[in-house]
Amino acid sequence: MPELPEVEILARHLRPLLHGRTIRAVEVFRPKVLAPTPVPRFQAVLRGATFLDLTRRGKYLLFTLRARGSRAPFSLLGHLGMTGRMFLTPKGRPLPKHAAVVLDLGRNRFVYEDPRYFGRLTLDVRPVARLGPEPMAEAFTSELLAGALKRSRQAIKVKLLDQSLVAGIGNIYASESLFRAGLSPRRPANRLSRVQVEKLWQAIREVLTIAIECGSTIPLNFEAHPSDKLFYYGSAAGAADFYTERLGIYDRAGQPCGSCGTPIKRIVQAARSTFFCPHCQKS
DNA sequence: CACCATGTTCCTTG
DNA sequence: CCAAGGAACATGGT
């Protein structure tokens, strides 16, 4: 479930639930997701620690905690990979099949589950230092984007997935942004005109903003709806249409473009699907 | 069985 | 040195 909007929604959801909660015990079912932090160190550091805050950076979750009797806070870094979920559940409830880490919070447990185990929950925060600017931050200007794109011949769609360029865009919102900007996903990054970069810059911010707004209207309740996939596809009681109509281009190969009716095409770039309208996205 | 899947990192090749 | 492509990671859905 993870690109910037989904991670942002999750952070907003979990922040108040975790604030002030103290970890009583730490169960690690998949040591791989902690790497390179060793299991004993992970447990020793987290046991007795209290959650102070939770923020998002790109697709990462940054938990701030404080050890018992200490003033200095420390960070825990989370990433959902392709299929990760994090949620609170009352103690006694059966754990999901692919629970990777479970934190005992007293009445509740914090569960990180991930069927593919591509995600992370670790004390190693170094990956954050490699991220480019937040797309919604003032630091991310269209001038900055133009400067970065000028230096690459890579197809613009592929370039948008580069987290060191701008953090948080994934395979879905890369296609959505280019569709909104009316740009061909195949165009080399350094061949976008200044006007096209400006359009793309705006489209990225609009697409992400709309996705966050959309997700914010939906109550996250994994307890009542254990099969919820946050707000990607269908699912979720009571708001199915809302969800499925959210994305204009992604996963719609063969369907008519909402703007011109031309059938949407799927191509493969850098071993990943790209969806676009061959009529609206010629340039 | 085949192919596809919201991500990142590492390795190879040019 | 850099860019680009592909594999690997691991499981589930169609």
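Chain letters run A, B, ... following the sequence lines, proteins first, then strands; residues in each count from 1. As the structure is a computational prediction, the values presented were derived from the model and not from experiment. Only heavy atoms go into these numbers, but all of them, side chains included; no hydrogens, no water, no symmetry mates.
Residue A:H279 places its NE2 atom among 12 or fewer non-hydrogen atoms of other residues, nucleotides or ligands, all under 6.0 Å distant. In the displayed structure, A:R57 atom CZ is contacted under 6.0 Å by more than 12 heavy atoms of other residues, nucleotides or ligands. Residue A:R41 qualifies as open at atom CZ: its count of foreign heavy atoms under 6.0 Å is 12 or below. Taking a 6.0 Å sphere around NZ of A:K32, one finds it holds more than 12 heavy atoms contributed by other residues, nucleotides or ligands.
Picking from C:dG12, B:dA5, B:dG7 the nucleotide with the shortest atom distance to the side chain of A:S273 gives B:dA5. Closest to the side chain of A:K97, out of C:dG12, B:dT8, C:dA4, is C:dG12.
When each of A:R47, A:K91, A:R109 is checked for a salt bridge (Lys or Arg N to Asp or Glu O under 4.0 Å) with A:D104, only A:K91 meets the rule.
Of all the residues in residues 115-122 of chain A, A:P115, A:R116, A:Y117, A:F118 reach under 4.0 Å from DNA chain C with at least one non-hydrogen atom.
Within the model, atoms CG of A:L149 and CD of A:Q196 stand 11.0 Å from one another, a figure rounded to the nearest 0.5 Å. Put simply, CD on A:E213 and CD1 on A:I9 are 9.5 Å apart, with the number rounded to the nearest 0.5 Å.
Residues A:T50 and A:T22 bring a donor and an acceptor atom of their side chains to less than 3.5 Å of each other. A side-chain N or O of A:R266 and one of A:S273 form a donor-acceptor pair less than 3.5 Å apart.
A:L160 has its CG atom 13 Å from the P atom of B:dT8, to the nearest Å. Taking atom CZ of A:R85 as the reference point, atom C1' of C:dT11 lies 15 Å away to the nearest angstrom. A:Q163 has its CD atom 5 Å from the P atom of B:dT8, to the nearest Å. Computed from coordinates, the A:R30 CZ to C:dA10 C1' distance equals 8 Å when rounded to whole Å. Counting to the nearest Å, the P atom of B:dG7 and the CG atom of A:L131 are 14 Å from each other. Spacing between atom CG of A:L165 and atom P of C:dA3 amounts to 12 Å, rounded to whole angstrom units. Here the C1' atom of nucleotide B:dC4 and the CD1 atom of A:I267 are 17 Å apart, to the nearest Å. One atom, CG of A:D124, and another, P of B:dT8, lie 15 Å apart when rounded to the nearest Å.
In this structure, A:Q154 reaches the C:dA4 phosphate: one of its side-chain N or O atoms is under 4.0 Å from OP1 or OP2. Checking the phosphate oxygens (OP1, OP2) of C:dC9, no side-chain nitrogen or oxygen of A:K32 falls inside 4.0 Å. Here A:H79 reaches the OP1 or OP2 of B:dT8: one of its side-chain N or O atoms lies under 4.0 Å away. Side-chain nitrogen and oxygen atoms of A:R153 include none within less than 4.0 Å of the OP1 or OP2 phosphate oxygen of C:dA4. Neither OP1 nor OP2 of B:dT8 sits under 4.0 Å from any side-chain N or O of A:R130.
Separation of the P atoms belonging to B:dT8 and C:dG13 is 23 Å when rounded to the nearest angstrom. The separation of C:dA10 from B:dC11, taken at their P atoms, amounts to 16 Å, rounded to a whole angstrom.
Taking a pair as Watson-Crick or G-U wobble with both distances under 3.5 Å, DNA chain C forms stems of 3 or more consecutive pairs at B:2-5 with C:11-14, B:7-14 with C:2-9.
Nearest-nucleotide positions on DNA chain C for A:A271 and A:D114 put A:A271 closer to the 5' end.
Within the 3.5 Å criterion, the main-chain N or O of A:I172 finds a donor-acceptor partner in the side chain of A:E3.
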